[in-house]
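Worth knowing before you read on, the calculation uses all heavy atoms, side chains too, and leaves out hydrogens, waters and symmetry mates. Below, chain A is the first sequence line, B the second, and so on; all start at residue 1.
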Number of protein chains: 2
Amino acid sequence: MRDRESGYGSTGDREGCPVEYTLDVIGGKWKGVLLYHMIDGTKRFNEFKRICPSISQRMLTLQLRELEEDGIVHREVFHQVPPKVEYSLTEFGQTLTPIILLMKEWGSKFQQNSECSIES
Amino acid sequence: MRDRESGYGSTGDREGCPVEYTLDVIGGKWKGVLLYHMIDGTKRFNEFKRICPSISQRMLTLQLRELEEDGIVHREVFHQVPPKVEYSLTEFGQTLTPIILLMKEWGSKFQQNSECSIES
DNA sequence: TGGTATAGTATCAATTTGTATACTAAGGAG
DNA sequence: CTCCTTAGTATACAAATTGATACTATACCA
(Lines give C-alpha, C1' and ligand atoms only; values in the text may rest on other atoms or scores of the structure.)
Protein backbone atom coordinates (compact mmCIF):
# COMPACT_ATOMS: atom_id res chain seq x y z
CA MET A 1 0.00 0.00 0.00
CA ARG A 2 1.10 3.48 -0.69
CA ASP A 3 1.75 5.97 2.04
CA ARG A 4 -1.30 7.80 3.18
CA GLU A 5 -0.18 10.55 5.46
CA SER A 6 -3.42 12.28 5.98
CA GLY A 7 -1.98 14.66 8.51
CA TYR A 8 -4.99 14.43 10.72
CA GLY A 9 -4.59 15.13 14.35
CA SER A 10 -6.22 13.05 17.00
CA THR A 11 -9.13 15.41 17.22
CA GLY A 12 -11.51 13.24 15.28
CA ASP A 13 -11.97 15.71 12.48
CA ARG A 14 -12.35 13.07 9.83
CA GLU A 15 -15.92 13.16 8.67
CA GLY A 16 -14.88 13.85 5.07
CA CYS A 17 -12.31 11.14 5.09
CA PRO A 18 -14.04 8.29 3.27
CA VAL A 19 -14.47 10.49 0.23
CA GLU A 20 -10.91 11.68 0.56
CA TYR A 21 -9.70 8.11 0.81
CA THR A 22 -11.58 7.12 -2.32
CA LEU A 23 -10.25 10.08 -4.24
CA ASP A 24 -6.80 9.22 -3.07
CA VAL A 25 -7.16 5.82 -4.72
CA ILE A 26 -8.87 6.78 -7.96
CA GLY A 27 -8.18 10.50 -8.15
CA GLY A 28 -4.82 10.36 -9.87
CA LYS A 29 -4.87 12.18 -13.15
CA TRP A 30 -5.13 9.02 -15.20
CA LYS A 31 -6.31 6.36 -12.81
CA GLY A 32 -10.00 6.69 -13.45
CA VAL A 33 -9.43 6.40 -17.15
CA LEU A 34 -7.20 3.36 -16.81
CA LEU A 35 -9.69 1.74 -14.46
CA TYR A 36 -12.46 2.51 -16.87
CA HIS A 37 -10.69 0.75 -19.70
CA MET A 38 -9.99 -2.29 -17.58
CA ILE A 39 -13.68 -2.73 -16.79
CA ASP A 40 -14.21 -4.44 -20.11
CA GLY A 41 -11.31 -6.76 -19.66
CA THR A 42 -7.58 -7.22 -19.45
CA LYS A 43 -5.36 -4.66 -21.12
CA ARG A 44 -1.74 -4.70 -22.15
CA PHE A 45 0.71 -1.89 -21.59
CA ASN A 46 0.76 -0.83 -25.21
CA GLU A 47 -3.00 -1.00 -25.47
CA PHE A 48 -3.19 1.73 -22.88
CA LYS A 49 -0.65 3.71 -24.85
CA ARG A 50 -2.85 3.38 -27.91
CA ILE A 51 -6.09 4.14 -26.10
CA CYS A 52 -4.80 7.25 -24.40
CA PRO A 53 -1.81 8.53 -26.31
CA SER A 54 -1.69 11.69 -24.22
CA ILE A 55 -0.32 9.80 -21.25
CA SER A 56 3.41 9.34 -21.27
CA GLN A 57 5.09 5.99 -20.80
CA ARG A 58 6.47 7.04 -17.46
CA MET A 59 3.14 8.22 -16.10
CA LEU A 60 1.45 5.11 -17.38
CA THR A 61 3.93 2.99 -15.48
CA LEU A 62 3.65 5.08 -12.34
CA GLN A 63 -0.12 5.16 -12.25
CA LEU A 64 -0.42 1.44 -12.94
CA ARG A 65 2.10 0.71 -10.20
CA GLU A 66 0.18 2.79 -7.71
CA LEU A 67 -3.03 1.01 -8.60
CA GLU A 68 -1.18 -2.25 -8.17
CA GLU A 69 0.18 -1.17 -4.77
CA ASP A 70 -3.33 -0.30 -3.71
CA GLY A 71 -4.51 -3.75 -4.68
CA ILE A 72 -6.82 -2.42 -7.36
CA VAL A 73 -5.01 -3.83 -10.34
CA HIS A 74 -3.38 -7.16 -11.00
CA ARG A 75 -0.24 -7.18 -13.09
CA GLU A 76 0.69 -10.40 -14.81
CA VAL A 77 4.00 -10.76 -16.56
CA PHE A 78 4.39 -13.31 -19.33
CA HIS A 79 8.00 -14.27 -19.78
CA GLN A 80 8.07 -14.20 -23.51
CA VAL A 81 9.95 -12.38 -26.13
CA PRO A 82 8.83 -9.77 -26.85
CA PRO A 83 7.56 -9.35 -23.30
CA LYS A 84 3.88 -9.23 -22.51
CA VAL A 85 2.28 -7.79 -19.41
CA GLU A 86 -1.41 -7.86 -18.73
CA TYR A 87 -3.28 -5.58 -16.42
CA SER A 88 -6.67 -6.40 -14.97
CA LEU A 89 -8.90 -5.38 -12.10
CA THR A 90 -8.57 -7.42 -8.95
CA GLU A 91 -11.69 -8.46 -7.11
CA PHE A 92 -11.12 -5.48 -4.89
CA GLY A 93 -10.70 -3.30 -7.93
CA GLN A 94 -14.02 -4.50 -9.26
CA THR A 95 -15.75 -2.94 -6.28
CA LEU A 96 -14.88 0.39 -7.83
CA THR A 97 -16.71 -0.18 -11.09
CA PRO A 98 -20.03 1.30 -9.95
CA ILE A 99 -18.24 4.54 -9.14
CA ILE A 100 -16.33 4.60 -12.40
CA LEU A 101 -19.44 3.86 -14.43
CA LEU A 102 -21.38 6.54 -12.61
CA MET A 103 -18.58 8.98 -13.35
CA LYS A 104 -18.64 7.94 -16.96
CA GLU A 105 -22.38 8.53 -17.14
CA TRP A 106 -22.13 11.90 -15.50
CA GLY A 107 -19.28 12.86 -17.80
CA SER A 108 -21.11 11.80 -20.95
CA LYS A 109 -24.20 13.64 -19.86
CA PHE A 110 -22.63 16.95 -19.02
CA GLN A 111 -19.56 17.23 -21.12
CA GLN A 112 -20.32 19.97 -23.60
CA ASN A 113 -18.02 19.16 -26.46
CA SER A 114 -18.89 15.51 -26.56
CA GLU A 115 -17.61 14.87 -30.03
CA CYS A 116 -14.98 17.16 -31.37
CA SER A 117 -13.79 20.00 -29.18
CA ILE A 118 -10.49 20.17 -30.92
CA GLU A 119 -9.75 23.77 -31.16
CA SER A 120 -7.77 25.77 -33.65
CA MET B 1 -15.58 27.54 -16.86
CA ARG B 2 -12.04 26.60 -16.31
CA ASP B 3 -9.69 25.77 -19.13
CA ARG B 4 -9.83 22.21 -20.24
CA GLU B 5 -7.09 21.64 -22.72
CA SER B 6 -7.28 17.96 -23.13
CA GLY B 7 -4.59 17.78 -25.74
CA TYR B 8 -6.32 15.08 -27.71
CA GLY B 9 -5.53 14.71 -31.32
CA SER B 10 -8.18 14.35 -33.94
CA THR B 11 -7.99 10.60 -33.97
CA GLY B 12 -11.12 10.08 -31.93
CA ASP B 13 -9.29 8.41 -29.09
CA ARG B 14 -11.59 9.74 -26.44
CA GLU B 15 -13.51 6.81 -25.11
CA GLY B 16 -12.14 7.40 -21.63
CA CYS B 17 -12.93 11.02 -21.76
CA PRO B 18 -16.20 11.19 -19.82
CA VAL B 19 -14.45 9.70 -16.83
CA GLU B 20 -11.56 12.05 -17.30
CA TYR B 21 -13.92 14.99 -17.53
CA THR B 22 -15.66 14.01 -14.33
CA LEU B 23 -12.39 13.57 -12.50
CA ASP B 24 -11.30 16.93 -13.77
CA VAL B 25 -14.31 18.47 -12.06
CA ILE B 26 -14.31 16.58 -8.78
CA GLY B 27 -10.82 15.12 -8.68
CA GLY B 28 -9.03 18.03 -7.09
CA LYS B 29 -7.36 17.07 -3.86
CA TRP B 30 -10.10 18.55 -1.72
CA LYS B 31 -13.06 19.01 -4.01
CA GLY B 32 -14.75 15.74 -3.27
CA VAL B 33 -14.53 16.43 0.42
CA LEU B 34 -15.90 19.95 0.10
CA LEU B 35 -18.71 18.72 -2.12
CA TYR B 36 -19.46 15.99 0.37
CA HIS B 37 -19.86 18.47 3.19
CA MET B 38 -22.12 20.67 1.13
CA ILE B 39 -24.53 17.81 0.48
CA ASP B 40 -26.13 18.33 3.85
CA GLY B 41 -26.51 22.03 3.39
CA THR B 42 -24.86 25.40 3.09
CA LYS B 43 -21.44 25.86 4.62
CA ARG B 44 -19.46 28.93 5.54
CA PHE B 45 -15.80 29.43 4.82
CA ASN B 46 -14.72 28.93 8.41
CA GLU B 47 -16.91 25.89 8.77
CA PHE B 48 -14.84 24.21 6.11
CA LYS B 49 -11.70 25.26 7.94
CA ARG B 50 -13.03 23.65 11.08
CA ILE B 51 -14.24 20.49 9.36
CA CYS B 52 -11.01 19.86 7.52
CA PRO B 53 -8.21 21.71 9.27
CA SER B 54 -5.58 20.09 7.11
CA ILE B 55 -6.59 22.19 4.14
CA SER B 56 -4.93 25.56 4.05
CA GLN B 57 -6.87 28.76 3.68
CA ARG B 58 -5.40 29.34 0.28
CA MET B 59 -6.29 25.91 -1.03
CA LEU B 60 -9.77 26.20 0.39
CA THR B 61 -10.28 29.44 -1.52
CA LEU B 62 -8.80 28.05 -4.72
CA GLN B 63 -10.77 24.83 -4.72
CA LEU B 64 -14.03 26.59 -3.91
CA ARG B 65 -13.40 29.09 -6.68
CA GLU B 66 -12.80 26.34 -9.19
CA LEU B 67 -15.99 24.61 -8.16
CA GLU B 68 -17.74 27.95 -8.56
CA GLU B 69 -16.24 28.45 -12.01
CA ASP B 70 -17.44 25.03 -13.00
CA GLY B 71 -20.95 25.91 -11.90
CA ILE B 72 -20.96 23.29 -9.18
CA VAL B 73 -21.05 25.59 -6.21
CA HIS B 74 -22.91 28.80 -5.49
CA ARG B 75 -21.13 31.46 -3.49
CA GLU B 76 -23.21 34.02 -1.67
CA VAL B 77 -21.61 36.99 -0.01
CA PHE B 78 -23.38 38.75 2.83
CA HIS B 79 -22.11 42.27 3.21
CA GLN B 80 -21.82 42.33 6.95
CA VAL B 81 -19.12 42.89 9.43
CA PRO B 82 -17.60 40.51 10.12
CA PRO B 83 -18.15 39.22 6.59
CA LYS B 84 -20.11 36.10 5.88
CA VAL B 85 -19.94 33.95 2.79
CA GLU B 86 -22.07 30.90 2.23
CA TYR B 87 -21.28 28.07 -0.13
CA SER B 88 -23.88 25.66 -1.44
CA LEU B 89 -24.36 23.21 -4.28
CA THR B 90 -26.03 24.54 -7.38
CA GLU B 91 -28.67 22.46 -9.11
CA PHE B 92 -25.95 21.28 -11.42
CA GLY B 93 -23.75 20.49 -8.46
CA GLN B 94 -26.50 18.36 -7.00
CA THR B 95 -26.24 16.02 -9.97
CA LEU B 96 -22.90 14.97 -8.53
CA THR B 97 -24.26 13.80 -5.20
CA PRO B 98 -24.83 10.17 -6.27
CA ILE B 99 -21.17 9.92 -7.21
CA ILE B 100 -19.97 11.56 -4.02
CA LEU B 101 -22.18 9.38 -1.86
CA LEU B 102 -21.02 6.27 -3.67
CA MET B 103 -17.44 7.34 -3.09
CA LYS B 104 -18.24 7.91 0.57
CA GLU B 105 -19.73 4.46 0.85
CA TRP B 106 -16.81 2.83 -0.86
CA GLY B 107 -14.39 4.76 1.32
CA SER B 108 -16.17 3.87 4.55
CA LYS B 109 -16.31 0.25 3.56
CA PHE B 110 -12.69 -0.22 2.67
CA GLN B 111 -10.75 2.30 4.66
CA GLN B 112 -8.78 0.45 7.28
CA ASN B 113 -8.72 2.93 10.12
CA SER B 114 -12.40 3.74 10.25
CA GLU B 115 -12.20 4.53 13.95
CA CYS B 116 -13.85 7.90 13.61
CA SER B 117 -15.79 8.20 10.43
CA ILE B 118 -19.20 9.63 9.83
CA GLU B 119 -21.40 10.55 12.69
CA SER B 120 -24.81 10.42 10.99
C1' DT C 1 -6.20 52.99 20.99
C1' DG C 2 -5.94 48.19 20.61
C1' DG C 3 -8.08 43.64 20.16
C1' DT C 4 -11.60 40.52 18.05
C1' DA C 5 -13.85 38.26 14.19
C1' DT C 6 -14.49 36.74 9.10
C1' DA C 7 -13.03 35.95 4.63
C1' DG C 8 -10.10 36.40 2.25
C1' DT C 9 -4.90 38.18 -0.74
C1' DA C 10 -0.01 38.28 -1.68
C1' DT C 11 4.26 36.36 -1.86
C1' DC C 12 7.51 32.99 -1.94
C1' DA C 13 9.18 28.21 -1.13
C1' DA C 14 8.59 23.36 -1.40
C1' DT C 15 6.51 19.44 -3.20
C1' DT C 16 4.29 16.83 -6.61
C1' DT C 17 3.37 15.76 -11.11
C1' DG C 18 4.36 15.50 -15.84
C1' DT C 19 7.45 15.50 -20.18
C1' DA C 20 11.26 14.33 -23.19
C1' DT C 21 14.77 11.63 -24.35
C1' DA C 22 17.80 8.02 -24.18
C1' DC C 23 18.65 3.52 -22.69
C1' DT C 24 18.00 -1.73 -21.35
C1' DA C 25 16.88 -6.85 -22.08
C1' DA C 26 16.02 -10.90 -24.98
C1' DG C 27 14.94 -13.61 -28.91
C1' DG C 28 13.94 -13.76 -33.83
C1' DA C 29 14.31 -11.95 -38.64
C1' DG C 30 17.12 -10.53 -42.28
C1' DC D 1 25.81 -8.22 -36.78
C1' DT D 2 22.18 -5.15 -36.66
C1' DC D 3 17.32 -4.10 -36.37
C1' DC D 4 12.70 -5.14 -34.65
C1' DT D 5 9.46 -5.81 -30.84
C1' DT D 6 7.55 -5.01 -25.83
C1' DA D 7 7.68 -3.22 -21.43
C1' DG D 8 9.70 -0.94 -19.20
C1' DT D 9 14.12 2.35 -16.34
C1' DA D 10 17.11 6.34 -15.78
C1' DT D 11 17.94 10.89 -16.05
C1' DA D 12 17.13 15.63 -16.57
C1' DC D 13 14.15 19.06 -16.63
C1' DA D 14 9.65 21.96 -16.66
C1' DA D 15 5.25 22.95 -14.95
C1' DA D 16 1.58 22.67 -11.87
C1' DT D 17 0.03 22.13 -7.28
C1' DT D 18 0.28 22.84 -2.53
C1' DG D 19 1.96 24.94 1.81
C1' DA D 20 3.57 28.63 5.16
C1' DT D 21 3.42 32.99 6.51
C1' DA D 22 2.17 37.54 6.64
C1' DC D 23 -1.04 40.89 5.44
C1' DT D 24 -5.76 43.39 4.28
C1' DA D 25 -10.58 45.38 5.28
C1' DT D 26 -14.41 46.51 8.33
C1' DA D 27 -17.21 47.26 12.38
C1' DC D 28 -17.81 46.43 17.09
C1' DC D 29 -16.19 46.11 21.96
C1' DA D 30 -13.61 47.76 25.98
Work out which heavy atom in [X] is nearest to a heavy atom in [Y]; give both atom names and the distance.
| X | Y | answer |
| --- | --- | --- |
| A:Cys52 | A:Leu34 | SG-CD2, 4.4 Å |
| A:Met59 | A:Ile55 | CB-CG1, 3.8 Å |
| B:Lys31 | B:Ile26 | CB-O, 3.7 Å |
| A:Lys29 | A:Gln63 | N-OE1, 3.7 Å |

Using a 4.5 Å cut-off on heavy atoms from C-beta on, say whether the side chain of B:Phe78 contacts that of B:Val85.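 Heavy-atom side-chain distance check fails, nothing below 4.5 Å.
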
Could you check whether any side-chain heavy atom of A:Gln57 comes within less than 4.5 Å of a side-chain heavy atom of A:Lys49, counting everything from C-beta outward?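 They are in side-chain contact.
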
Would the B:Phe92 and A:Phe110 ring centres measure less than 6.0 Å apart? yes

So for the helix from C:dT1-D:dA30 to C:dG30-D:dC1, with five pairs setting each end axis, what is the inter-axis angle to 10°?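 Terminal axis comparison yields 30°.
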
Base contacts versus sugar-phosphate-only contacts with protein, heavy atoms under 4.0 Å: please encode nucleotides 6-19 of chain D as B, S and - from 5' to 3'. BSBB-B------BB

Under the side-chain contact (heavy atoms from CB on, under 4.5 Å) rule, what do A:Val19 and B:Leu35 come out as? Steps first, then yes or no, please. CA-CA 10 Å; A:Val19 177; B:Leu35 254 26; over 6 Å; no

Starting at atom NE2 of B:His79, determine the distance to atom P of D:dA25, rounded to an integer number of angstrom. 17 Å

